[in-house]
Amino acid sequence: MRIATLGPAGSNHELVANRYLHRHAPQQGDIMLYAAFEDAFEALLANSVDYVLQCSAHPEHGHCVGRYMHRAFPVDAFIAGSKPLAIIAQAGVDTPKTLALQPATRFYTDLSQYEALIEKPSIVNVSQGLLNGEYDAGICALEVQAQNPQQLRVVKELGPALDTWVVFGRAPLPHTDSRVYSANQ
């Protein structure tokens with residue numbers, strides 16, 4: 001089983017894809033990471049991968065459902081938690097003014113105290129910019145602070161996000177024309 005999802009390495013998409021493969025194709029699957037979902041869906045249509053895994057909270061989800069309708073079909077859906085998240089700040093910044101985030105995390109907590117919000121494509125990109133000193137704070141995986149305790153501090157723990165994940169394939173499931181379908185039926 002070859003499953004495509006959004007990179008970069010270390011993203012929640014990769015984490016959940018690993019969990020999915022472990023459950024459905026232990027020791028038989030490969031994860032292909034793409035910079036954009038459009039590339040992942042095109043790989044699916046070109047038979048380069050078997051499935052695409054996408055978080056329904058990702059800003060591109062609705063776009064992909066519409067763009068690939070009648071060519072890529074939802075074949076599985078499930079709920080999975082992300083890595084525990086937190087607002088993490090530069091250790092030397094007492095009152096962070098700039099905060100980076102992946103757009104889906106914008107409403108996880110009150111951000112009104114920040115003067116500027118900077119959008120990044122993934123929480124991995126947020127953590128990389130934070131470690132490079134590009135902004136004062138960011139919403140990213142809690143583990144980033146634990147790996148860099150001298151440079152970063154936790155402002156607020158947010159916990160894992162529970163999201164709905166959708167797996168797309170090239171063929172529709174049987175009897176999915178207009179009926180309600182559940183994988184658990």
Side-chain angles (χ1 to χ4, degrees), residues 3-20 31-42 52-68 74 77-168:
I3 191 161
T5 196
L6 194 64
S11 69
N12 280 317
H13 278 84
E14 182 186 42
L15 171 77
V16 173
N18 270 314
R19 290 177 185 163
Y20 189 83
I31 297 171
M32 314 300 272
L33 299 176
Y34 289 85
F37 272 116
E38 187 171 325
D39 297 334
F41 277 91
E42 291 298 326
V52 172
L53 172 69
Q54 186 178 50
C55 181
S56 67
H58 192 278
E60 288 292 310
H61 180 70
H63 169 80
C64 291
V65 168
R67 181 179 181 126
Y68 297 99
F78 57 94
I79 298 168
S82 71
K83 296 178 180 185
L85 302 173
I87 296 177
I88 298 174
Q90 300 289 338
V93 178
D94 292 331
T95 306
K97 297 189 182 327
T98 58
L99 179 125
L101 52 80
Q102 194 279 340
T105 67
R106 178 180 306 278
F107 300 107
Y108 288 5
T109 190
D110 179 15
L111 303 176
S112 62
Q113 70 270 27
Y114 298 96
E115 293 176 10
L117 300 179
I118 302 155
E119 291 188 359
K120 295 290 182 175
S122 74
I123 63 168
V124 174
N125 298 115
V126 170
S127 63
Q128 290 168 343
L130 191 58
L131 289 167
N132 291 336
E134 296 173 19
Y135 25 84
D136 298 338
I139 296 177
C140 54
L142 181 60
E143 67 188 19
V144 173
Q145 188 280 329
Q147 294 164 354
N148 302 278
Q150 304 302 318
Q151 185 179 354
L152 304 173
R153 66 181 176 85
V154 174
V155 174
K156 182 177 183 180
E157 291 190 29
L158 303 174
L162 287 176
D163 291 310
T164 304
W165 295 79
V166 181
V167 179
F168 293 88

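Scope of the values below: all heavy atoms of this structure, side chains included, with no hydrogens, waters or symmetry mates.
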Q: Kindly indicate whether the side chain of Glu115, heavy atoms from C-beta on, has any atom under 4.5 Å from the side chain of Thr98.
A: no
Q: Test Leu142 against Lys83 for side-chain contact (heavy atoms from CB on, under 4.5 Å), laying out the working first.
A: CA-CA 8 Å; Leu142 181 60; Lys83 296 178 180 185; over 6 Å; no
Q.
Quick check for you: to the nearest 0.5 Å, what is the distance between His13 atom NE2 and Ile31 atom CD1?
A. 12.0 Å
Q: Specify the closest pair of heavy atoms between Tyr135 and Val126, including all atoms of both residues, with the distance to one decimal.
A: OH-O, 2.7 Å
Q. Shortest non-hydrogen contact from Ala137 to Ile87?
A. CB-CG2, 4.4 Å
Q) Shortest non-hydrogen contact from Ala86 to Val154? A) CB-CG1, 4.3 Å
(Q) Before you tell me yes or no, could you show the steps for Cys55 and His61 under side-chain contact (heavy atoms from CB on, under 4.5 Å), namely the whole-Å CA-CA distance, both residues' side-chain angles and the distance that decides it to 0.1 Å? (A) CA-CA 7 Å; Cys55 181; His61 180 70; over 6 Å; no
Q) Do Gln128 and Leu130 touch side chain to side chain, with heavy atoms closer than 4.5 Å? A) no
Q) How long is the span from the CH2 atom in Trp165 to the CD atom in Gln54, to the nearest 0.5 Å? A) 9.0 Å
Q) Are Pro96 and Arg153 side-chain neighbours, meaning at least one heavy-atom pair lies under 4.5 Å? A) yes
Q: Any chance you could measure Cys140, atom SG, to Leu85, atom CG, to the nearest 0.5 Å?
A: 8.0 Å
Q. What's the shortest heavy-atom distance between Val155 and Ala89, and which atoms?
A. CG2-CB, 3.5 Å
Q: Supply the atom-to-atom distance Leu33 CG to Ser11 OG, rounded to the nearest 0.5 angstrom.
A: 6.0 Å
Q.
Within this structure, what is the CD1-CG distance for the pair Ile3 and Asn18, rounded to the nearest 0.5 Å?
A. 10.0 Å
Q: Hey, could you give me the CG/OG distance between Leu158 and Ser82, rounded to the nearest 0.5 Å?
A: 9.5 Å
Q: For residues Asn125 and Pro8, report the shortest heavy-atom separation together with the two atoms involved.
A: OD1-CD, 4.2 Å
Q. When you check the gap from the basic side-chain N to the acidic O, do Glu134 and Lys120 get nearer than 4.0 Å?
A. yes
Q) Heavy-atom distance under 4.5 Å between the side chains of Leu131 and Asn148, does that happen here? A) yes
Q) Is the shortest heavy-atom distance from the side chain of Thr5 to the side chain of Val52 under 4.5 Å? A) no
**Q.** Minimum side-chain heavy-atom gap Gln102-Glu119 below 4.5 Å
**A.** no
Q: Quick one: do Tyr34 and Phe41 satisfy ring-ring contact (aromatic ring centres under 6.0 Å, His included)? Show the steps, please.
A: CA-CA 10 Å; Tyr34 289 85; Phe41 277 91; over 10 Å; no
Q.
Evaluate Lys156 against Tyr108 for side-chain contact (heavy atoms from CB on, under 4.5 Å), listing each step before the verdict.
A. CA-CA 11 Å; Lys156 182 177 183 180; Tyr108 288 5; over 6 Å; no
Q: Taking the side chain as every heavy atom from C-beta outward, state whether Val65 and Phe168 have any pair of such atoms under 4.5 Å apart.
A: yes
(Q) I'd like to know if the side chain of Asp163 and the backbone of Ala57 have a donor-acceptor N/O pair within less than 3.5 Å. (A) no
Q. At their closest point, which heavy atom of Ala80 faces which heavy atom of Arg19, and how far apart are they?
A. CB-NH1, 4.3 Å
Q) Among side-chain atoms of Glu38 and Tyr68, is any donor-acceptor pair under 3.5 angstrom? A) no
Q) Is there side-chain contact between Leu53 and Phe78, with heavy atoms separated by less than 4.5 Å? A) yes
Q: May I have the step-by-step check of side-chain contact (heavy atoms from CB on, under 4.5 Å) for Leu99 and Leu111, ending in yes or no?
A: CA-CA 8 Å; Leu99 179 125; Leu111 303 176; 4.1 Å; yes
